[in-house]
Structure formats: C-alpha cells, structure tokens
S.K.: 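Quick one: structure below, then a few questions.
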Amino acid sequence: MRLSALFIRLIVFAAAGFMSVAASRTAVAVVEERSVIAVQETLVDQGYEWASVLGDGLQVILEGEAPTEAVRFRAISAAGGMVDASRVIDNLSVTDSEIIAPPEFAIEILRNDSGVSLIGLIPATANREDLADRIQDIADGQPVTDLLEVGDYPAPDTWRDALSYALRALELLPRSKISVNADRVIVNAISDSPEEKRRLETSLARNTPDGVRLAVDISAPRPVISPFTTRFTLDDTGARFDACAADTSEAVAAILAAASKAGFQERANCTLALGAPSRTWGEAVAMAITAVDEIGAGTVTIADTDITLIAPIGTGQRTFDNAVGRLENALPEAFALRSELLVQPEETTVEIPQFTGTLSPEGVVQLRGRVPDDVTNTVVKNYASARFGQRQLIMGTRVVEGLPTGWSIRVLAGIEALSELSNGSVEVGPDTFEVRGNTGNPDASGEISRLLIEKLGQGADFEIDVSYVEELDPVAGLPTPEECIAQINSVTEIRKITFDPSSADITAATTPVVDEIAEILQNCGDLRIRVSGYTDSQGREVMNQQLSQDRADAVLTALRARRVPVSTFEAIGYGEENPIANNDTEEGREANRRIEFDLIIPAPAPEDTNALDEIADEILNQNAAEADDVEAPQDTTDAETEPEAEAQDETATDTEATDSE
C-alpha cells in the first residue's frame with residue numbers, strides 16, 4: 001500500500017508539472033502573439049510599413065530598413081509605447097544617405113578706409129596663411145576682419161584663378177566690394193575721378209582668368225563744375241564746342257540737337273556734372289545755340305545763369321536784333337542775356353602789347369613778351385616753375401610801362417592754360433586770347449574755357465584750338481603686353497642680369513638693369529609673366545635645375561622688392577633645357593646661362609572639339625523633333641579646356657647670367 005501511494009503521488013506531481021509547463025508555454029505564446037500584433041498595428045498606423053515585427057518569447061524584435069535615423073528612432077519609440085521598452089530589440093538598419101553635394105565656395109570681400117573684411121567659405125586645401133598674409137599686405141596697416149570658414153571638399157578647378165584675380169583687383173581698388181566664387185567675380189568699386197575709372201577698367205580688363213565670368217561696375221562721382229559752363233562757336237571753320245557741361249542726359253540730348261541743327265557734326269564731349277544753376281539749364285543752352293544759328297555766326301558763352309552772345313563783324317543789325325530779341329523773350333526766368341555786335345576797330349599806330357608762351361613736345365617752356373614790372377616778372381617765373389615742374393624754363397619777358405589794366409591776370413591765365421597742354425602755345429593780347437596745341441586730356445578744352453571765363457570774365461574774347469591725341473593720354477596710352485616685353489628687350493639687349501658664381505645672388509652690377517625692368521613693368525599694368533631660369537649643361541642635371549629655379553625666384557623677389565605687382569607672375573627653373581647656343585664653347589655656355597621673361601598667353605580651345613559639339617547638338621535637336629515623347633540626352637561635352645602652362649605662346653626676352661656653374 002505504501003508503495004502504491006508513493007507512485008500515485010509521483011504521478012500526480014508529474015502531471016501537475018507537465019500541465020504547468022504547458023500552461024506557461026501557452027501563456028507566453030499568447031502574450032508574444034498579442035505583443036507582436038499590437039506593435040505591428042501601431043507601426044502600420046503611424047506609417048512605418050517598412051518595419052516588420054517578430055516575437056521571441058516576451059521580446060519584440062523590430063527588423064527593416066528605415067529611411068533616416070530619425071524615422072528609425074521614432075519607430076522604436078512607437079514600439080516601446082505598446083510593450084515595455086526593455087522588451088524591444090532593435091534590429092533596424094538605415095538607408096544609406098545620398099552623397100551630400102559640396103557647398104559652394106564663395107567669398108565676399110569689402111575694402112574701405114576702415115580696413116578689409118572677408119566672409120565666406122573656402123576649401124580646406126587653400127593656404128589660409130598665405131591668403132592672410134596677402135590680405136595684410138593689401139590692407140597696408142589697416143585692420144583686417146577675417147570671418148572665413150573652411151569646407152573639407154575638393155576645390156573647383158577655377159577657384160584658385162578666380163581668387164587670385166579678385167585679390168589683384170582688391171589691390172587696385174581701395175574702396176570696393178568683390179564677390180568671388182569658382183566661376184564668377186563681381187567687382188563693385190568707387191573711383192575718385194572719371195580718369196581713374198578708365199585707368200582701373202583698363203587694368204582690370206587685362207588677364208581675366210579663363211572659365212571665370214567677370215562683371216565690373218566702377219562708379220565715378222560726377223565732377224563739380226564752377227562756373228557751370230558751355231561755350232559754342234560758329235564761324236567759317238564750322239561749329240564747335242570749347243566747353244560743354246550738362247546736369248542730365250536729357251539736357252545733353254537737347255544741347256546736341258540744337259548744335260547739330262546749327263551744323264555741328266563732330267563728337268561732343270558734354271560732361272555730366274554737378275553744379276547746374278537751374279533745372280532748365282539744357283533748355284537755356286539749346287536756345288542760345290539756336291540764336292547763334294539764326295545769326296549765322298558768333299560765340300555764345302553760358303556761365304551759370306549769365307549768357308553772353310557775341311556776333312562777329314559784318315553781321316546785319318536787323319538779323320542780330322531779331323535773334324537776340326527772340327532769345328531774350330524765350331529764356332527761362334533765371335537767366336540773363338548780354339549781347340554784343342562787334343564792329344570794325346579803328347586803325348591806330350599804337351603798338352599792341354603781346355605775351356606768348358610755348359611748350360615744346362620735349363618739355364621746353366619759353367615765355368616771351370611784356371610784363372608791367374619786376375615784381376610781376378618774378379611772379380610769372382615762379383608761377384611757371386610751379387605749373388611746369390622740372391621742365392626747362394626759358395624766360396624772354398621784358399618790363400614795359402603803360403600796359404593795359406588787368407594785364408598781369410591775363411599773363412598768369414595764359415601760363416595756367418598752357419600747363420593744361422602736352423605741347424602747344426598761348427598768345428595773349430589786350431583783347432584777344434588764343435590757345436592752341438595737343439593734349440592727352442579729352443576734357444582739356446572745357447577746362448581751359450572755364451578757367452578763362454573765371455579769370456578774364458564771361459565777356460572775354462578767346463579762341464581755343466586744342467586737339468585730343470590718344471597717344472598722349474596716360475590711360476589710353478598704356479603700353480600693350482607685347483610692347484612691354486619689347487621695352488624689356490631693348491633694355492636687356494646689351495646689359496644682362498648676372499649672378500654670383502654658382503649661386504642665386506644677383507650681382508651689384510645688375511641692379512640698374514633690374515631697376516629699369518621694374519620701372520617698365522610698373523607702367524605696364526597687370527600682366528601675366530613667366531620668369532624662366534636656364535643654365536648650361538655643365539654639372540649634374542638636378543643641380544642645374546635647382547639653380548635655375550633659385551635664380552628665377554631671385555629675380556621675382558627683386559622685382560617684388562621694387563614694388564612691382566608680381567601676383568600674376570610665376571618663376572620656373574628649366575635647368576639645361578632649351579639651349580640657345582652650343583654648350584661645347586664658352587660663349588655658347590654663357591649664352592645658355594640666362595633669365596627669360598615670357599608673356600603667358602592661354603592657348604585657345606581646339607577647334608575640332610567645338611565642331612564635334614555643334615554636330616552633336618544638331619543630331620540631338622533632330623532626334624528631339626522626330627520623337628516628342630523621347631527626351632533628348634543633354635550634351636555635356638565641355639569644349640573649353642584648361643590651359644596648360646607648357647602650351648602657351650610666349651614672347652621672350654633673354655637676360656643672361658654669366659658665371660661658371
């Protein structure tokens with residue numbers, strides 16, 4: 001009995017254990033199923049259909065590929081809201097993100113009297129230290145604010161050329177804003193005068209980098225003219241302006257229309273300026289010119305609101321009265337008219353005093369004629385010395401009594417008018433004043449007219465025959481790059497750059513040669529020049545190449561020390577390459593030891609590449625016309641190739657380095 005009871009107890013315990021295990025398994029399965037369903041439904045409701053849910057006992061496993069890391073985190077949080085977060089197993093992955101496009105490298109540079117500021121993004125490969133040093137040199141002691149950031153992305157091919165050009169422009173422009181990116185440079189600047197504007201535009205137009213678009217906007221403040229003057233003459237030689245000023249483009253149009261009707265056919269240089277005495281200036285000037293046309297000849301001078309009309313000898317009184325009467329009644333209220341009809345002077349035996357000044361093309365100034373006293377003669381000499389500087393002055397004046405009133409003023413005005421010319425003459429009489437010559441200033445005639453009106457009075461009779469000669473214009477007469485190299489050729493044809501033996505030290509005897517080359521380059525503007533060094537064939541090739549490089553660098557350093565803008569220059573040592581003479585003789589080796597200055601001229605893009613592009617474009621256009629539903633592929637051929645330094649045309653000048661290497 002005892003044994004049977006024991007077995008029964010064992011069987012009951014075993015059955016109870018089995019049933020407990022089965023019940024627990026069933027409970028876990030139910031919990032697992034319901035957890036999976038609950039989590040899956042939640043993920044679907046929140047838009048995470050890409051996620052799948054698996055159950056592993058009480059654990060909930062999330063699998064799938066989330067589009068972003070943020071979405072993955074939100075999916076896990078959603079699952080943790082349905083079951084205990086500790087039960088959620090994260091097996092989610094994130095889709096590989098697309099390659100982030102590199103940012104655009106760009107710099108905004110602002111320079112004014114307060115200093116230089118920079119803001120923007122530059123490549124990490126850029127030499128930040130060299131850029132900072134260059135900006136400090138340009139700032140010339142003024143503060144520099146550097147707010148540049150660095151991006152670790154490859155620099156575009158044209159970035160370096162665009163930035164170099166921008167820095168060259170910044171060096172020329174003390175008040176400017178320059179925007180730079182890899183394919184565009186925008187220059188906005190203010191100049192002090194129209195002449196400086198033309199000079200800056202000429203300099204900036206040179207050496208525009210290839211593949212970089214350039215936009216230059218240099219503004220020049222309008223000059224202030226006082227008195228505000230226009231002078232028009234109609235005589236046997238035709239119609240002409242001695243001076244022309246206007247306050248608006250509409251006034252210029254009205255003045256030129258009246259002058260054209262009167263027979264003026266040349267190109268007028270009407271200066272847009274500040275200082276007009278009335279808004280009706282253009283209307284009044286046009287009326288005055290029309291009156292001269294009605295008379296048939298004469299001179300009209302408008303200085304501020306005073307108008308002086310002088311009719312020549314022989315003009316009919318009725319014609320003169322009719323024209324002057326119409327003008328008086330038509331003029332705007334602010335203007336006052338003074339008219340004069342010249343009459344034949346009576347013959348007299350009295351000697352007419354004269355004063356003559358001449359300025360030769362060589363710069364010799366001669367003053368001849370009469371002055372009232374010794375004090376005036378001394379003043380004339382000193383004033384001429386001040387106006388003409390170091391030019392040779394020859395005094396041929398004579399002290400005479402009984403000269404007309406105001407003679408000294410007329411003489412000094414003649415000297416000042418002569419100083420406005422490059423060469424010419426001035427003849428001063430009691431009632432006449434003639435200025436003739438050549439000048440490199442296109443506005444010289446107007447400036448002389450205003451000067452004489454201010455000094456002699458509005459009714460003064462003077463004649464101006466001044467010709468503008470472009471070769472004399474210091475801006476328009478800037479030498480071309482080829483002319484600059486030709487000038488260096490002439491300097492170094494006999495005298496040559498020499499170095500100490502087996503070194504890169506320029507000899508003292510060569511200093512004058514380098515000085516002359518520097519002076520030429522300073523007058524040539526912004527050029528791209530290669531300084532090349534060469535040696536003979538003696539010695540090891542590697543050492544010769546390094547020596548030639550050091551010598552080319554030494555020449556570049558010497559030019560920089562003489563304040564030549566060498567930012568566009570490059571120095572290259574070629575060693576034994578490209579001999580110009582036989583290395584078997586001492587004379588030949590001496591000739592091969594040299595320095596060359598070459599213009600860097602970018603090679604044009606191959607013509608055949610352009611032709612292939614045109615043919616490809618034509619084929620694509622035809623295909624697009626035949627099949628509207630098919631999108632034609634884009635032609636991505638780039639016909640523009642980066643110019644290589646070795647494929648550039650060169651105009652060279654040789655300077656030798658005589659030493660034993």
Side-chain angles (χ1 to χ4, degrees), residues 105-150 155 159-181 185-192 196 199-209 212 214 216 218 484 504 506 511 514-515 517-531 549-550 552-572 597 600:
F105 294 114
I107 301 178
E108 293 282 346
I109 309 175
L110 180 64
R111 183 184 180 190
N112 53 33
D113 296 337
S114 301
V116 180
S117 61
L118 303 92
I119 186 171
L121 181 69
I122 62 174
T125 55
N127 193 324
R128 184 71 174 270
E129 184 175 348
D130 286 351
L131 177 60
D133 291 342
R134 179 75 185 280
I135 295 295
Q136 289 287 353
D137 291 341
I138 293 174
D140 195 20
Q142 293 181 324
V144 176
T145 304
D146 188 346
L147 301 177
L148 295 177
E149 300 289 342
V150 175
W159 169 257
R160 184 174 181 180
D161 291 340
L163 182 57
S164 297
Y165 180 86
L167 294 179
R168 295 197 300 271
L170 186 69
E171 191 171 7
L172 292 172
L173 305 169
R175 293 178 296 277
S176 59
K177 175 187 176 185
I178 302 176
S179 304
V180 191
N181 63 21
V185 177
I186 300 176
V187 179
N188 295 281
I190 300 175
S191 62
D192 292 331
E196 185 185 22
R199 180 183 63 81
L200 292 173
E201 288 175 341
T202 301
S203 299
L204 292 174
R206 294 181 175 180
N207 303 322
T208 303
V212 177
L214 176 63
V216 177
I218 300 178
C484 290
I506 299 176
T511 301
V514 179
D515 290 340
I517 295 174
E519 184 177 354
I520 292 172
L521 292 173
Q522 287 170 348
N523 296 327
C524 287
D526 196 8
L527 300 179
R528 297 179 66 187
I529 290 181
R530 179 187 302 115
V531 181
Q549 180 66 55
D550 293 343
D553 290 335
V555 173
L556 198 63
T557 301
L559 293 175
R560 183 184 294 108
R562 289 160 174 80
R563 303 195 67 80
V564 174
V566 297
S567 59
T568 57
F569 291 22
E570 62 180 25
I572 299 180
F597 291 83
I600 302 176

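Hydrogens, waters and symmetry mates are skipped; everything else that's a heavy atom, side chains included, is used. Note that the coordinates shown come from a computational prediction; the quantities given were computed from them, not determined experimentally.
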S.K.: For the residue pair Trp159 and Ile122, what are the closest heavy atoms and their distance?
M.R.: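 Heavy atoms only, the tightest pair is CZ2-CG2, 4.0 Å.
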S.K.: Kindly state each residue pair satisfying side-chain hydrogen bond (donor to acceptor under 3.5 Å, both in side chains) with at least one member in residues 106-118, sequence neighbours excluded.
M.R.: Glu108-Ser179
S.K.: To the nearest 0.5 Å, how far apart are CG in Leu167 and CG in Leu131?
M.R.: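 Rounded to the nearest 0.5 Å, the CG-CG separation comes to 6.0 Å.
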S.K.: Which residues pass the salt bridge (Lys or Arg N to Asp or Glu O under 4.0 Å) test with Arg160, not counting sequence neighbours?
M.R.: none
S.K.: Holding to side-chain contact (heavy atoms from CB on, under 4.5 Å), I want the full list of residues that pass it with Ala139, two or more places apart in sequence or in another chain.
M.R.: Val116, Gln142, Val144
S.K.: Are the charged groups of Glu196 and Arg199 less than 4.0 angstrom apart, N to O?
M.R.: yes
S.K.: With the side chain counted from C-beta on, respond yes when Leu559 and Phe569 share a heavy-atom pair under 4.5 Å apart, and no when they do not.
M.R.: yes
S.K.: Sequence neighbours excluded, which residues qualify as side-chain contact (heavy atoms from CB on, under 4.5 Å) partners of Ala124?
M.R.: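 By the side-chain contact (heavy atoms from CB on, under 4.5 Å) rule, Ala124 matches Val150, Asp152.
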S.K.: Ignoring hydrogens, what is the shortest heavy-atom contact between Leu200 and Ser191? Give both atom names and the distance.
M.R.: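 Leu200 and Ser191 have their closest heavy atoms at CD1-CB, 4.1 Å.
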S.K.: So, taking the atom named CG in Leu121 and the one named CG in Leu148, what distance separates them when rounded to the nearest 0.5 Å?
M.R.: 8.5 Å
S.K.: So do Ile517 and Val564 actually touch side chain to side chain, heavy atoms under 4.5 Å?
M.R.: no
S.K.: Supply the atom-to-atom distance Phe105 CZ to Leu163 CG, rounded to the nearest 0.5 angstrom.
M.R.: 12.0 Å
S.K.: Under a 4.5 Å cut-off applied to non-hydrogen side-chain atoms, are Ser164 and Thr568 in contact?
M.R.: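 Contact flag for Ser164/Thr568 side chains = no.
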S.K.: Could I get the full list of salt bridge (Lys or Arg N to Asp or Glu O under 4.0 Å) partners for Arg175, not counting sequence neighbours?
M.R.: Asp192
S.K.: Specify the closest pair of heavy atoms between Val531 and Ala552, including all atoms of both residues, with the distance to one decimal.
M.R.: O-CB, 3.6 Å
S.K.: Locate the shortest heavy-atom distance separating Ala155 from Thr125; write the atom from each residue and the value.
M.R.: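 Distance-wise, the nearest heavy atoms are CB-OG1, 4.1 Å.
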S.K.: Could you pull out all residues at least two apart from Asp133 that satisfy salt bridge (Lys or Arg N to Asp or Glu O under 4.0 Å)?
M.R.: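 Here no residue qualifies.
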S.K.: Apply side chain to side chain contact (heavy atoms under 4.5 Å, CB included) to residues Val180 and Tyr165 and explain how you reach the verdict.
M.R.: CA-CA 9 Å; Val180 191; Tyr165 180 86; over 6 Å; no
S.K.: Please list all pairs meeting side-chain hydrogen bond (donor to acceptor under 3.5 Å, both in side chains) that have one or both residues in residues 553-565, counting only residues at least two apart or in different chains.
M.R.: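 Residue pairs passing side-chain hydrogen bond (donor to acceptor under 3.5 Å, both in side chains), neighbours aside: Asp515-Arg562, Gln549-Asp553.
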S.K.: Report the residue from Asn188, Val216, Val187 that forms a side chain to side chain contact (heavy atoms under 4.5 Å, CB included) with Leu173.
M.R.: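 Among Asn188, Val216, Val187, the one meeting side chain to side chain contact (heavy atoms under 4.5 Å, CB included) with Leu173 is Val187.
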S.K.: About how many Å separate CD of Glu519 and CD of Gln522, when rounded to the nearest 0.5 Å?
M.R.: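 With rounding to 0.5 Å, CD (Gln522) is 7.5 Å from CD (Glu519).
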S.K.: I'd like to check the side-chain contact (heavy atoms from CB on, under 4.5 Å) partners of Glu201; sequence neighbours left out, ordered by chain and number.
M.R.: Lys197, Ile218
S.K.: Taking only residues two or more places apart in sequence or in another chain, which ones pass salt bridge (Lys or Arg N to Asp or Glu O under 4.0 Å) with Asp146?
M.R.: Arg128
S.K.: For Ile178 versus Ala166, what's the shortest heavy-atom pair and its separation?
M.R.: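 Result for this residue pair: CD1-O, 3.6 Å.
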S.K.: So, for Leu204 and Ala169, which heavy atoms are closest and what is the spacing to 0.1 Å?
M.R.: CD2-CB, 3.6 Å
S.K.: Do Val514 and Val555 touch side chain to side chain, with heavy atoms closer than 4.5 Å?
M.R.: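 SC-SC contact between Val514 and Val555 ruled out.
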S.K.: To the nearest 0.5 angstrom, please state how far the CG atom of Leu172 sits from the CD1 atom of Ile138.
M.R.: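 Reported value, rounded in 0.5 Å steps: 9.0 Å.
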S.K.: What distance do Glu149 atom CD and Ile107 atom CD1 have between them, rounded to the nearest 0.5 Å?
M.R.: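 Separation between the atoms: 12.0 Å.
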S.K.: Who pairs with Asn127 by side-chain contact (heavy atoms from CB on, under 4.5 Å), at least two apart in sequence or on another chain?
M.R.: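 Asn127: side-chain contact (heavy atoms from CB on, under 4.5 Å) contacts with Glu129, Asp130.
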